[in-house]
Number of protein chains: 6
Amino acid sequence: MPFIVVNGPPVRDLARKRALVAGITEVVAREYGQPPENITVLIREDEAENVAVAGNLLADRKTE
Amino acid sequence: MPFIVVNGPPVRDLARKRALVAGITEVVAREYGQPPENITVLIREDEAENVAVAGNLLADRKTE
Amino acid sequence: MPFIVVNGPPVRDLARKRALVAGITEVVAREYGQPPENITVLIREDEAENVAVAGNLLADRKTE
Amino acid sequence: MPFIVVNGPPVRDLARKRALVAGITEVVAREYGQPPENITVLIREDEAENVAVAGNLLADRKTE
Amino acid sequence: MPFIVVNGPPVRDLARKRALVAGITEVVAREYGQPPENITVLIREDEAENVAVAGNLLADRKTE
Amino acid sequence: MPFIVVNGPPVRDLARKRALVAGITEVVAREYGQPPENITVLIREDEAENVAVAGNLLADRKTE
């Protein structure tokens with residue numbers, strides 16, 4: 001602990017994943033006063049056909 | 001917010017996903033008194049070899 | 001399975017919780033083709049000081 | 001309920017998944033005093049490029 | 001990682017929580033081939049008015 | 001989306017919560033290329049008797 005889960009669209013670029021987890025870990029370590037070694041970040045990538053806002057799949061928005 | 005996660009078996013038919021997220025969003029909007037724009041629904045599809053009930057994988061039930 | 005988690009603001013009225021879980025269960029049963037007995041719904045109530053949109057706690061919006 | 005989610009690295013061997021869910025279900029049934037039929041276990045497999053400890057992706061550790 | 005979340009009814013007895021997390025950690029360590037130090041278990045306690053099976057709150061079942 | 005859940009120990013100080021969600025939102029907005037308005041952060045506070053590392057409750061560590 002702490003354990004952070006980031007749910008978002010797929011991230012194709014590994015460099016972005018690196019920057020994402022490094023940045024979140026830095027913020028969490030500072031605010032919780034915990035060493036980075038205690039902090040785990042999980043990226044969950046959801047396809048546009050599995051996410052809906054306002055009752056509409058993101059996949060349908062993209063094909064409009 | 002609200003943010004709803006639906007964990008279930010894979011849904012092969014996109015029309016069912018559309019109906020699922022539309023129906024859930026309608027219920028949640030009504031009961032929370034929130035505009036649909038504030039509501040996100042996430043579908044998580046779990047393969048039968050990753051789900052167990054009563055200690056047995058669903059994948060093993062299917063192959064019985 | 002299916003297993004649905006609804007993350008949202010606290011719901012003070014038990015009748016609303018009843019309507020929420022009944023409505024969601026009906027939609028999920030229909031779209032997944034599953035008997036209602038297989039469907040679990042979990043309500044998670046998050047206080048306004050534990051939710052942020054656009055980087056601001058909902059608790060701070062309310063006190064503006 | 002209870003509903004258990006196991007987040008971990010991919011498990012290539014189906015026999016290990018069987019032993020994992022059987023073992024967890026046994027422990028949970030005993031401590032909650034619930035019949036195994038009420039207990040669901042979900043395995044979530046996260047690739048090494050989607051998990052970070054101490055701000056570094058596990059995928060990067062492996063390629064060092 | 002691994003990171004396990006146990007969603008269930010409230011557990012009033014601390015000894016049961018101890019046995020629960022010890023038992024799960026042992027199973028997970030064995031099947032994933034990981035040292036126990038890498039394994040985190042989280043207990044989430046949900047009140048009966050926040051859980052529904054078959055569209056009915058557990059709280060309503062209890063008061064029948 | 002994106003939707004971030006931070007599981008950690010209780011945070012007593014509201015200023016820390018503000019800094020936590022602001023910092024995470026900034027990182028996520030930058031790496032996903034999304035406007036902050038699309039980003040939700042949820043803080044989940046777990047008591048020490050509900051979290052275990054290496055099979056031992058954090059609550060027991062503290063009382064040693």
Side-chain angles (χ1 to χ4, degrees), chain C, chain F:
Chain C
M1 294 271 282
F3 187 87
I4 300 94
V5 182
V6 184
N7 306 283
V11 181
R12 305 300 181 192
D13 180 355
L14 197 57
R16 283 198 182 276
K17 290 186 176 180
R18 284 193 191 102
L20 178 70
V21 299
I24 288 176
T25 300
E26 185 186 339
V27 171
V28 171
R30 185 179 65 224
E31 299 307 330
Y32 280 93
Q34 295 255 358
E37 290 73 26
N38 288 3
I39 299 169
T40 303
V41 181
L42 204 57
I43 303 171
R44 286 269 160 79
E45 302 178 283
D46 293 288
E47 299 295 333
E49 73 172 59
N50 283 339
V51 184
V53 176
N56 299 304
L57 298 175
L58 297 190
D60 288 332
R61 291 187 175 188
K62 288 181 175 173
T63 59
E64 276 171 9
Chain F
M1 295 270 282
F3 187 88
I4 299 95
V5 182
V6 183
N7 306 283
V11 181
R12 306 300 181 192
D13 180 356
L14 197 57
R16 283 198 182 275
K17 291 187 177 180
R18 284 192 191 102
L20 178 70
V21 299
I24 289 176
T25 300
E26 185 186 338
V27 170
V28 171
R30 184 180 65 223
E31 299 308 330
Y32 280 92
Q34 295 255 357
E37 289 74 26
N38 288 4
I39 299 169
T40 304
V41 180
L42 204 58
I43 303 172
R44 286 269 160 79
E45 301 177 285
D46 294 288
E47 298 294 334
E49 72 172 60
N50 285 339
V51 184
V53 175
N56 299 304
L57 298 176
L58 297 191
D60 289 332
R61 291 188 175 185
K62 286 181 176 173
T63 58
E64 275 169 9

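All chains are named by letter (A, B, ...) in the order of the sequence lines, taking the proteins before the strands, and each is independently numbered beginning at 1.
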field: Atom of N7(C), atom of R44(F) and distance for their closest heavy-atom approach
entry: OD1-NH2, 2.7 Å

task: First locate atom NZ of K17(F), then atom CG of L57(C), and finally report the distance between them rounded to the nearest 0.5 Å.
output: 8.0 Å

message: So which atom in G55(C) and which in V21(F) form the shortest heavy-atom distance, rounded to 0.1 Å?
response: O-CG2, 3.6 Å

- prompt: Between E45(F) and chain C, which part of the residue has a heavy atom less than 4.5 Å away: side chain, backbone, both or neither?
  reply: side chain

I39(F) portion near chain C, given a 4.5 angstrom heavy-atom threshold: backbone

- line: When every non-hydrogen atom of D46(C) is compared with those of I43(F), the smallest separation belongs to OD1-O, 4.5 Å

Within 6.0 angstrom of E26(C) CD, more than 12 heavy atoms from elsewhere: no

- prompt: If every non-hydrogen atom of T25(F) is compared with every non-hydrogen atom of A54(C), which pair is closest and at what distance?
  reply: CG2-C, 4.0 Å

